[in-house]
Amino acid sequence: MKEVLDDIERWHAAGHRVAVARVVGTEGSSPRDPGATMAVNDAGEVAGSVSGGCVEGAVVQEALAILAGEKERGIVTFGFSDDEAFAVGLTCGGTIRLFVEPLDW
Amino acid sequence: MSRYEELRDALRAGEPVALATVIEGPNLGTKLLVRPDGRAEGSLGDENLDRVVARDARGELEAGLTSTRHYGAHGEARERDVSVFIESFALPPRMIIFGAVDFTAALAKVAKVLGYRVTVCDARAVFATVLRFPMADEVINDWPDRYLAKVGDELGPRDAICVLTHDHKFDVPAIAGAVKTDVGYLGAMGSRRTHEARRQRLRDAGLTEDEIERVMSPIGLDIGARTPEETAVAICAEVIGLRTGRRAQSLRDTAGPIH
């Protein structure tokens, strides 16, 4: 969270709305530990990261859908053996669980 | 102030804080911000749940851990109605380096990259200057044993002490003070021969064999390091390996999970 604060503050000052995605769980080999945070504003700008670059694109889409009111906050899972219909996964074969939510708190 | 603003201000002030978020179950997304003394701001929607989570978050924060925990709707153990993600923003681990030498500057730099709060301490005022160690968080001009008597109680398993003085006049009191602390890593520079001689001086200073065994010396992993910078990498790699309990080998030559 700390590493994205400056960007969030700048975006707030410019009147942007912001969503944050945080790693809340991992299984197997995964590049970032729980707590890794990525912030996305309503213009699609990004700060921070939650993986080695494997799932960031999909996370931006999730965050934008939440900011647009098309989706509710919640857990998103990315992984090798993932049944959910995401076409992305971690190249390292692990699974990560993200909690994605608007920064409305 | 919102939870976010409180979190932002704590992080910017360098104050430890834990943020608990309901990530599954009723009151999804609600937050509780917990301070080291157990004070909490916000609510997860249930008074009892708040109380239990505040207690757990305080423990996680003390240990510097981040994890997801499960509770009943009113904070009951062994139930899974609510999942709470508890993220600790603990103070960074500390590395205290005794001896203000060239190796110290390189080690301080690498330790900073790894997120340590670095203290350089040397009794010799001409060497222990901020000018020489601008990368350190603090430069202390004091005797190692006196300094450790002041701060030793605050040190824990995440912290490291490196004795680079290379002079028994300083490194014996530094090691004698360091073995009284709970630091996870204690290393001392010197050749095998120097350390053999030092072992006797440490015995003479009253240290037990167990205490002397805590000292990693010669310091660092066996990677053939020569320059101060290479030595700094060898030391920091050893610090990491001791923390994780691994025997350092090339990943290619081992099997099993890589993290």
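The shown structure was predicted, so the numbers you read here are calculated from the model rather than taken from an experiment.
Of the two parts of A:V18, neither the backbone nor the side chain holds a non-hydrogen atom closer than 4.5 Å to a non-hydrogen atom of chain B. Neither the backbone nor the side chain of B:V84 comes within less than 4.5 Å of any heavy atom of chain A. Residue B:I86 does not touch chain A at all, counting heavy-atom pairs closer than 4.5 Å.
With no hydrogens or angles considered, a side-chain donor-acceptor pair links A:R22 and B:T21 at under 3.5 Å.
Note on A:G25, A:P34, A:P102: by heavy-atom pairs under 4.5 Å with chain B, the leading option is A:P34. When each of A:M1, A:E9, A:K2 is checked for heavy-atom pairs under 4.5 Å with chain B, A:E9 comes out on top.
A donor-acceptor distance shorter than 3.5 angstrom exists from the side chain of B:T68 to the backbone of A:V24, with no hydrogens or angles considered.
The shortest distance between side-chain heavy atoms of A:R97 and B:F85 does not fall below 4.5 Å. At a threshold of 4.5 Å between non-hydrogen side-chain atoms, the residues B:L11 and A:L5 count as touching.
A side chain to side chain contact (heavy atoms under 4.5 Å, CB included) with B:Y4 is found for exactly one of A:L103, A:D104, A:V20, namely A:L103.
For the atom pair CD (B:E87) and OG1 (A:T37), the distance works out to 5.0 Å, reported to the nearest 0.5 Å. Atom CZ of residue B:R3 and atom CH2 of residue A:W105 lie 10.0 Å apart, to the nearest 0.5 angstrom. Going from atom CD of A:E101 over to atom NZ of B:K31 covers 3.5 Å, rounded to the nearest 0.5 Å.
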